[in-house]
Amino acid sequence: MEKVLVIGASGQIGSELTMSLRNVYGNENVFATDIKQPPQDVLESGPFQILDAMNDKELIHYVIRHKISQVYHLAAVLSGNAEKIPLQAWEINMKSLLIILDLAKETSLKRLFWPSSIAVFGHSTPKNNTPQLTVTEPNTVYGISKLAGERWCEYYFNKYKVDVRSIRYPGLISYKTEAGGGTTDYAVEIYYEAIKNKNYECFLKEDATLPMMFMPDAIEATIKLMECESSKIKIRSSYNLASISFSPAEIATEIKRHIRDFKITYKPDFRQQIAESWPQSIDDSAAQADWGWKYKYGLSEMTKIMLEEIRKKFRN
Ligand code: SER
């Protein structure tokens, strides 16, 4: 039986991934850790421990004690926040990855997942249908750390046969746990503000189109990649992954179909420059070919679910 560890289980991806993994592997076999308290369901459905991903000794003890066979390492400082604390963000994002890669090499860990991002691309990358293999000259701390991380993942696979797998996530949209400090997070905030105040002041320009994805698709992709037979995984840096692309104006139009008097205004801040350096749409044909990836949710289905679920949250 697999014993799975999720590092960063209280975060936007981790909180949902932990619950999905518990459905697959059984509650008691999915161990959740983070430096902050997780949502109630993660806490109550299975093992959780406060554990700092930077604490290599504690982490290795934990992995050995619980006979962990798979790790999902999700702890990171996102793009907007990283710009405010560049060296600290670099230290956190890189050191925690190197700790876990080395742990995988030294222990009997079977598989490791680590998330990369569309942030590995930069101004010199083709903006539309961005290929898997292309120019990568990121100019954010977050993007630089993700690109370096990809190189380290491939290195550990080639040199030490560490079975590490990775996805370049687009902006992820979810209602369960709010993200913190990302450039794409406007597309989560906008739903909350639409319900609370019927208006939203957007920190990106109206035409800032970015690749996005609804969380259930991202979770499905992640588990699918991790369950795939090792020989099919041809890319050991990180896979491009795509579903929907939209601009703030387009998501606002979609919200107006449900909340007629919803209003959006624009006050771009430093995150607009970050958005301008990222692609608008992604070519994920390698993920489709290698492990059969296909997305399900479009902008209108996602909007309907987001609004319904956030309304429910407020009612409770
Ligand atoms: N959603 C992330 C961010 O905006 C990108 O990976 O930072």
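Order of listing sets the numbers, starting from 1, for every ligand and every atom in it. Quick note: residue numbers are just sequence positions, from 1.
- Remark: minimum distance from atom 3 (C) of ligand 1 to any protein heavy atom is reached at Ser79 OG, 3.3 Å.
- Short contacts between ligand 1 and Gly182, defined as distances under 4.0 Å to a heavy atom of the residue, involve ligand atoms 3 (C), 4 (O), 7 (O).
- Annotation for ligand 1: atoms under 4.0 Å from non-hydrogen atoms of Leu78 are 7 (O).
- Using the six-membered ring where Trp is involved, Tyr186 and Phe203 have ring planes that are perpendicular, over 60° apart on the 30 and 60° scheme.
- Heavy atoms of Tyr186 found under 4.0 angstrom from ligand 1: none, in either backbone or side chain.
- Taking the six-membered ring for Trp and thresholds of 30 and 60 degrees, Tyr297 and Phe214 have ring planes more than 60 degrees apart, a perpendicular arrangement.
- Residue contacts with ligand 1: Thr184 is placed with a nitrogen or oxygen under 3.5 Å of a nitrogen or oxygen of the ligand (distance criterion only).
- Between the side chains of Thr177 and Gln12, not a single donor N or O lies within less than 3.5 Å of an accepting N or O.
- Relative ring orientation between Tyr169 and Phe113 is described as tilted, the plane-to-plane angle lying within the 30° to 60° band.
- Residue contacts with ligand 1 leave out Ile118, since none of its heavy atoms falls under 4.0 Å from the ligand.
- The N/O atoms of Asp185, backbone and side chain alike, include none that comes under 3.5 Å of an N/O atom in ligand 1.
- Between the CE atom in Met213 and the CD1 atom in Ile118 there is a gap of 10.5 Å [rounded to 0.5 Å].
- The closest protein non-hydrogen atom to atom 6 (O) of ligand 1 is Ser117 OG, 2.6 Å.
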Residue pair Trp291, Tyr239: steps toward the ring-ring contact (aromatic ring centres under 6.0 Å, His included) verdict: CA-CA 10 Å; Trp291 42 278; Tyr239 277 96; 5.6 Å; yes
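- The pair Glu220-Lys296 meets the salt-bridge criterion, with a side-chain N (NZ, NE, NH1 or NH2) lying under 4.0 Å from an Asp/Glu carboxylate O.
- At least one N or O atom of Thr183, backbone or side chain, sits closer than 3.5 Å to an N or O atom of ligand 1.
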